[in-house]
**Student:** 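Got a structure for you, questions after.
Chain A is the first sequence line, chain B the second, and so forth, proteins listed ahead of strands; every chain is numbered from 1. Just so it is clear, the model here is predicted, and its values are computed rather than measured.
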2 protein chains.
Amino acid sequence: MFLHGQGELALGSRLKAVSESLYAAANVAYRETGHDLDAHWFPVLRYLQVRGPASVTEIAAAIGQTHPAVSQLAAKLRAQGWITRRADRSDARRGVLELSADAERKLDRLGPVWCAIRRAAAAAAARGGGTLLDALGAFEADIASGRLAADIRSHHARLKKAKIDIAPYRSDWAPHFERLNVEWLQRWFTLEDVDRAVLGDPQTHVIEPGGAILFATLDGEVIGTCALLKEAPGVYELSKMAVESGFRGFGAGRRLLDGVIAEFERRRGRTLFLESSKRLGPALQLYESGGFVHHPAPRPGSHYQRADVYMVYEPGKTAGRRAKAAPRKHLRVVGR
Amino acid sequence: MFLHGQGELALGSRLKAVSESLYAAANVAYRETGHDLDAHWFPVLRYLQVRGPASVTEIAAAIGQTHPAVSQLAAKLRAQGWITRRADRSDARRGVLELSADAERKLDRLGPVWCAIRRAAAAAAARGGGTLLDALGAFEADIASGRLAADIRSHHARLKKAKIDIAPYRSDWAPHFERLNVEWLQRWFTLEDVDRAVLGDPQTHVIEPGGAILFATLDGEVIGTCALLKEAPGVYELSKMAVESGFRGFGAGRRLLDGVIAEFERRRGRTLFLESSKRLGPALQLYESGGFVHHPAPRPGSHYQRADVYMVYEPGKTAGRRAKAAPRKHLRVVGR
DNA sequence: CGCAGTAACGTAAGCACTTACGTAATTGCC
DNA sequence: GGCAATTACGTAAGTGCTTACGTTACTGCG
């Protein structure tokens, strides 16, 4: 192509073309996997998914676009039922955009597609090696030959067939432990000092005192984590359970919970408790079905500001589990 | 920025944003240096400059855009006097777009700006190192901080102050010798076998037989070249003179011509001739002012199909040079 | 407390492309 | 040599952004 000979001068044109091809490739992947959304919506929808309800200007600033762009897209998404808008009671100028429950459910299933796109794109970029121009050239070649699209397809097929694995702590996965937890903490609460300490150095704060950290992986991709903290001899806390948005509903949370309980039992612990919040409805359901029962009073001397739920593990109480798990059956099929 | 955390998934958005920022940065550079054109025109204008007159679909295919895009831009450029359109007599559907003389003159001066943009962009891309994502991040940082714009400015300032240097043959510059000549040969004629041989391996075809190759450089950038070929003992040919489009009118051709004549004289040659074409008006003027006189008959046994001009160097005939050079004075000031 | 300055949007219009479509000329093929 | 298929390319309309502008609400400062 003529522009290749023009070096960096044609970068603008080529970047734009590659950008558009990437949107198109992503859209093909969405369509093929039965997801009805447009790649251009990704920044806004993903922001709302990860960070929770937000105003137009907040989103615009975060994704690097102008507020009219977000405003117009929001109107369209609102018309299609993806998002809702309510007034901000503290500031009448501002509106709060929020994913509809339906959209939230849809997005929670997109993990494998996103992961497939990410892998294919990373592979294409890496093939170029060295410079930006080389990487761009490799991208263009992959797009022109259809290799990018084929790669997305095959990665997605692999991910859909893959099973969730539970793996023990690995120091090189410490950043995943932090990333996954920071994501939901920022969304639902704020990072407290206890969190920062534990997440920043899990080795010394969790592993060395006699606790454990488990990772849920799907085809090598870390998509969830959970920790068992040793509080006192025989007393353990289940904590830092996090599953990546986009991979929810595949059973990772259940597997992590079972894994942590197994770790607790391997240590012959006496007491296993957890602290959580009423706001985290689906998580509480999971804990209940896993054998945790609500404790009437809040835990004395809790280290979390946010904790208004205190649950304790009672091995006998796993009866509800099978019943709760049943309606999830079709999800498991999709997930595996 | 939020999108940075999304890895390759946000590549489309980021590429588009960087693309638009690059257009904007280039436009700032054009405006600051007093050039009245839009960065979006670059692919079309540059194609016409380098390859010569072309049809809408040919350009569209070459620059990777759709024909309506080129068609619409062509209409705009035609209205502004940048290009003209005439009918293709062999195919009534097709039109032939051609740069106006004025546009050609403007584009011939853009070399330093283009070079400055290229250098700044290359530096930004290199700062990221490794992967496409890193390079992109570096780009975004440079754009946000204004460093890219500042770099373009300072590179341009350097280039405008720089003088043209004439350097002897260096084997690592052989690709420049080829590139510069292929560019104009493809535009004005076609590559003949003689050309391919000489350009592909100048060492054995030019240097070793006792000839010479000179390069014109501006601040380290190779922008022109010219060769002295040894035809027989004492008989030399001036050939393969080429100056990059974008750097014309800065006196590089004159300097190369003088340099080659000096090489000829250093070798105590008897005869120095050249072959050219009537179609290359400005080049013929240069040769005339440099002391070459037209020979009435074509050269017997010419190796070029395209040659319809045969000139011979006569040392006394350099009188016209000063007169011809005079109106160029302001150009030299700009060029240095 | 009043009121300039600023912030949060929404709307309109523009821009650089695209896809869709129509028309006229050329090519290919029996 | 005739006619279907293809090609060149203009026009219209759509898209995903942008800039420009206006309205309403909030904020800070004398």
**Student:** Assuming nearest nucleotide by heavy-atom distance, tell me which of A/H40 and A/P68 is located more 5' along DNA chain D.
**Tutor:** A/H40
**Student:** Which is more 5' along DNA chain D, the nucleotide nearest A/A92 or the one nearest B/S71? Just name the residue.
**Tutor:** B/S71
**Student:** Could you check whether B/R51 pairs with B/E58 (Lys NZ or Arg NE/NH1/NH2 to Asp/Glu carboxylate O, under 4.0 Å)?
**Tutor:** no
**Student:** Please confirm whether any donor atom in the side chain of A/R93 sits under 3.5 Å from an acceptor in the base of D/dT24, or the reverse.
**Tutor:** no
**Student:** Can you check the A/D38 CG to D/dT15 P distance for me, whole Å?
**Tutor:** 10 Å
**Student:** B/S100 side chain to B/W82 main-chain N or O, any donor-acceptor pair under 3.5 Å?
**Tutor:** yes
**Student:** Kindly assign one of parallel, tilted or perpendicular to the pair A/F189 and A/W184, based on the angle between their ring planes and the thresholds 30° and 60°.
**Tutor:** perpendicular
**Student:** Would you indicate what B/A69 reaches in the nucleic acid, counting non-hydrogen atoms under 4.0 angstrom: base, sugar-phosphate, or nothing?
**Tutor:** base
**Student:** For A/V96 and A/S13, find the nucleotide of DNA chain C closest to each by heavy atoms; which residue's nucleotide sits nearer the 5' end?
**Tutor:** A/V96
**Student:** Over all strands shown, is A/H67 touching base, sugar-phosphate only, or nothing at heavy-atom distances under 4.0 angstrom?
**Tutor:** base
**Student:** What distance separates B/L218 CG from B/R158 CZ, expressed to the nearest 0.5 Å?
**Tutor:** 10.0 Å
**Student:** Give B/T57 one of three labels, base, sugar-phosphate or nothing, depending on what nucleic acid heavy atoms sit under 4.0 Å from its own.
**Tutor:** sugar-phosphate
**Student:** Between B/E58 (CD) and D/dA8 (P), how many Å, whole number?
**Tutor:** 10 Å
**Student:** Of B/Y30, B/Y47, B/Y23, B/W114, which meets ring pair (Phe, Tyr, Trp, His ring centres under 6.0 Å) against B/F42?
**Tutor:** B/W114
**Student:** Go through the steps to decide whether B/R179 and B/E244 satisfy the test salt bridge (charged side-chain N to carboxylate O under 4.0 Å, His left out), and finish with yes or no.
**Tutor:** CA-CA 9 Å; B/R179 170 179 65 87; B/E244 184 154 335; 2.9 Å; yes
**Student:** In whole Å, I'd like the distance from the CZ atom of B/R94 to the C1' atom of D/dT6.
**Tutor:** 13 Å
**Student:** Which atoms form the tightest heavy-atom contact between A/V113 and A/A29, and what is the distance?
**Tutor:** CG1-CB, 4.2 Å
**Student:** Specify the separation, in whole Å, of atom NZ of A/K76 and atom C1' of D/dG14.
**Tutor:** 10 Å
**Student:** Of all nucleotides in DNA chain C with an atom under 4.0 Å from a non-hydrogen atom of chain A, which is the first and which the last going 5' to 3'?
**Tutor:** C/dA7 to C/dA16
**Student:** Between atom CG in B/D88 and atom P in D/dA8, what is the gap in whole Å?
**Tutor:** 11 Å
**Student:** For A/W41 and D/dT15, what is the distance between atoms CH2 and C1' respectively, to the nearest whole Å?
**Tutor:** 13 Å
**Student:** Output the rounded distance in Å from CG (A/L45) to P (D/dG16).
**Tutor:** 13 Å
**Student:** Ignoring hydrogens and angles, answer whether the base of D/dT15 and the side-chain atoms of A/Q72 contain a donor-acceptor pair closer than 3.5 Å.
**Tutor:** no
